[in-house]
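Before any comments, here is the structure.
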Number of protein chains: 2
Amino acid sequence: MHYEIENVAKTLKAARESKGLSQRALGKKAGVLQAQISKFENGAVDLRLSSLIALARALDLELALVPRKVTPAVQSIIKSSERPAVTRSDEQRRTQNALVNLQKTLDNVTKLKPEVKELAQLARYARDFERFQIALPDTKIFQNANKAIEQFKKDAENLNKIRDSLAQFESLRNKLAHAYIDPEALKPIRPAYNLDEDDGDG
Amino acid sequence: MHYEIENVAKTLKAARESKGLSQRALGKKAGVLQAQISKFENGAVDLRLSSLIALARALDLELALVPRKVTPAVQSIIKSSERPAVTRSDEQRRTQNALVNLQKTLDNVTKLKPEVKELAQLARYARDFERFQIALPDTKIFQNANKAIEQFKKDAENLNKIRDSLAQFESLRNKLAHAYIDPEALKPIRPAYNLDEDDGDG
DNA sequence: TCAATAGATATATTTATATGTATCAAAAAA
DNA sequence: TTTTTTGATACATATAAATATATCTATTGA
């Protein structure tokens with residue numbers, strides 16, 4: 001028996017079971033007899049394409065013909081889509097927290113000094129960065145910006161540090177633009193402002 | 001006839017033609033009659049799975065069952081694989097180099113310590129990342145992995161750093177898998193100064 | 001213990017693919 | 001033009017899937 005058919009059968013069976021469907025239930029949904037499904041799952045039958053597609057569709061799967069050289073990438077996508085949540089590394093979590101802290105600080109100070117356009121610019125960049133979490137560098141750049149703003153709060157004449165941060169942000173934004181990732185596709189990462197903060201950096 | 005079957009048929013036909021194969025040539029390669037191929041390409045027949053797989057394999061294609069929610073990402077990957085190489089920025093080129101270096105180091109050390117499964121895992125991830133070049137973060141994560149491995153070479157007891165890298169890689173891969181890569185992003189990159197809508201430079 | 005549901009099989013019939021061979025028109029190459 | 005190749009069909013038969021119905025065993029729940 002074709003090992004590739006076996007593979008398809010296994011995938012289908014796994015999908016069915018992961019959805020908690022019995023062979024009869026799936027059969028009803030897909031318009032295929034239970035007996036037929038049983039036979040296919042056990043490699044006892046060489047399904048017709050229409051049957052396969054009917055089954056796949058009932059299981060929210062789509063048939064794709066994938067060029068050999070990109071199958072690893074595709075398999076990788078499929079596998080991680082089966083994973084429940086996206087786990088982030090500590091590094092990424094820390095970066096995320098730094099970004100959130102920055103946004104809070106910005107919110108705060110902008111209320112006090114709404115006329116300072118650099119603050120608005122920083123805020124705009126920070127909002128952009130939310131969508132690019134996967135590609136963000138370490139926390140330092142955000143922490144520095146945070147400090148710059150806090151300093152500015154005390155010494156309203158001194159915009160230098162803020163402008164430095166702005167330049168850094170601009171540069172980062174440019175870099176990120178080279179790797180555009182559809183924000184819609186980014187998994188439901190918790191809203192920026194509701195993150196649990198175990199931070200301690202300031 | 002099922003539009004999904006039509007779709008498969010079209011894909012197969014396109015693949016055959018792009019390889020410059022006649023129906024007879026393909027038939028010989030796949031062990032399928034020319035008449036059968038003609039009928040299938042015209043939607044006049046409901047192929048059996050074994051025949052479909054034979055044809056696909058002869059065309060360097062693989063059958064995959066893709067969860068609906070990630071089909072856009074998969075389609076995107078497939079499409080970009082059909083495109084010629086993309087010109088990359090210096091940043092991306094550097095990242096690419098770091099990735100290649102990492103793979104070399106891995107190759108090297110894996111020969112010395114083939115029993116360490118973490119190395120194999122890192123290699124697997126690294127291979128995956130090749131497909132996602134446009135969306136990779138900066139070089140650091142790869143350089144760190146590289147260092148971790150070099151360290152491990154001297155101190156074979158110490159797997160901690162390698163495990164850290166592994167966690168980072170896993171996380172990155174998850175992100176990448178969820179991130180639909182807009183094919184548009186592979187086209188010419190906008191110059192940095194046009195990125196933001198309304199601000200002049202501070 | 002009894003009832004319900006699960007998956008694996010069995011059988012008979014219908015239907016369609018698979019196979020093999022062959023032909024035909026159109027397009028491409030000689 | 002002539003020859004060759006290509007893709008679309010036609011028709012035979014063999015084979016296997018699809019369909020429908022039913023049974024069996026094991027498991028799960030009441």
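Residue numbering restarts at 1 for every chain, and letters A, B, ... go by the order of the sequence lines.
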Can you confirm whether [X] sits close enough to [Y] that some side-chain heavy atom of one is under 4.5 Å from a side-chain heavy atom of the other?
| X | Y | value |
| --- | --- | --- |
| B/Phe40 | B/Val32 | no |
| B/Leu49 | A/Leu49 | no |
| B/Ile162 | B/Leu159 | yes |
| A/Leu47 | B/Arg48 | no |

- request: May I have the step-by-step check of side-chain contact (heavy atoms from CB on, under 4.5 Å) for A/Leu122 and A/Ile149, ending in yes or no?
  value: CA-CA 10 Å; A/Leu122 277 177; A/Ile149 297 163; 4.1 Å; yes

Does a nitrogen or oxygen in the side chain of [X] sit under 4.0 Å from OP1 or OP2 of [N]?
| X | N | value |
| --- | --- | --- |
| B/Asn42 | D/dG7 | no |
| B/Gln23 | D/dA8 | yes |
| A/Ser22 | C/dA6 | yes |
| A/Arg16 | C/dA6 | no |

If I take atom [atom1] in residue [X] and atom [atom2] in nucleotide [N], what distance separates them, rounded to the nearest angstrom?
| X | N | atom1 | atom2 | answer |
| --- | --- | --- | --- | --- |
| B/Leu55 | C/dT17 | CG | P | 15 Å |
| B/Ile37 | D/dT9 | CD1 | P | 15 Å |
| B/Gln34 | D/dA8 | CD | P | 8 Å |
| B/Arg24 | D/dA8 | CZ | P | 11 Å |
| A/Glu17 | C/dT5 | CD | P | 19 Å |

message: Minimum heavy-atom separation for B/Leu119 and B/Lys113, please, with both atom names.
response: CD1-O, 3.8 Å

message: Going by salt bridge (Lys or Arg N to Asp or Glu O under 4.0 Å), name the residues that satisfy it together with A/Arg16, two or more places apart in sequence or in a different chain.
response: A/Glu41

task: Give the B/S/- string for nucleotides 15-20 of chain D, one per nucleotide from 5' to 3', where a protein heavy atom under 4.0 Å of the base yields B, of only the sugar-phosphate yields S, and otherwise -.
output: -SSSBB

message: Do the side chains of A/Asp60 and A/Lys19 get close enough for a salt bridge, i.e. N-O under 4.0 angstrom?
response: yes

- line: Bend of the helix from C/dT1-D/dA30 to C/dA30-D/dT1 from end-axis comparison, five pairs per end, nearest 10°, comes to 50°

Under 3.5 Å side-chain donor-acceptor pair for A/Ser165 and A/Asn144: no

- request: Pick base, sugar-phosphate or nothing for B/Ser38, based on heavy-atom distances below 4.0 Å to the nucleic acid.
  value: base

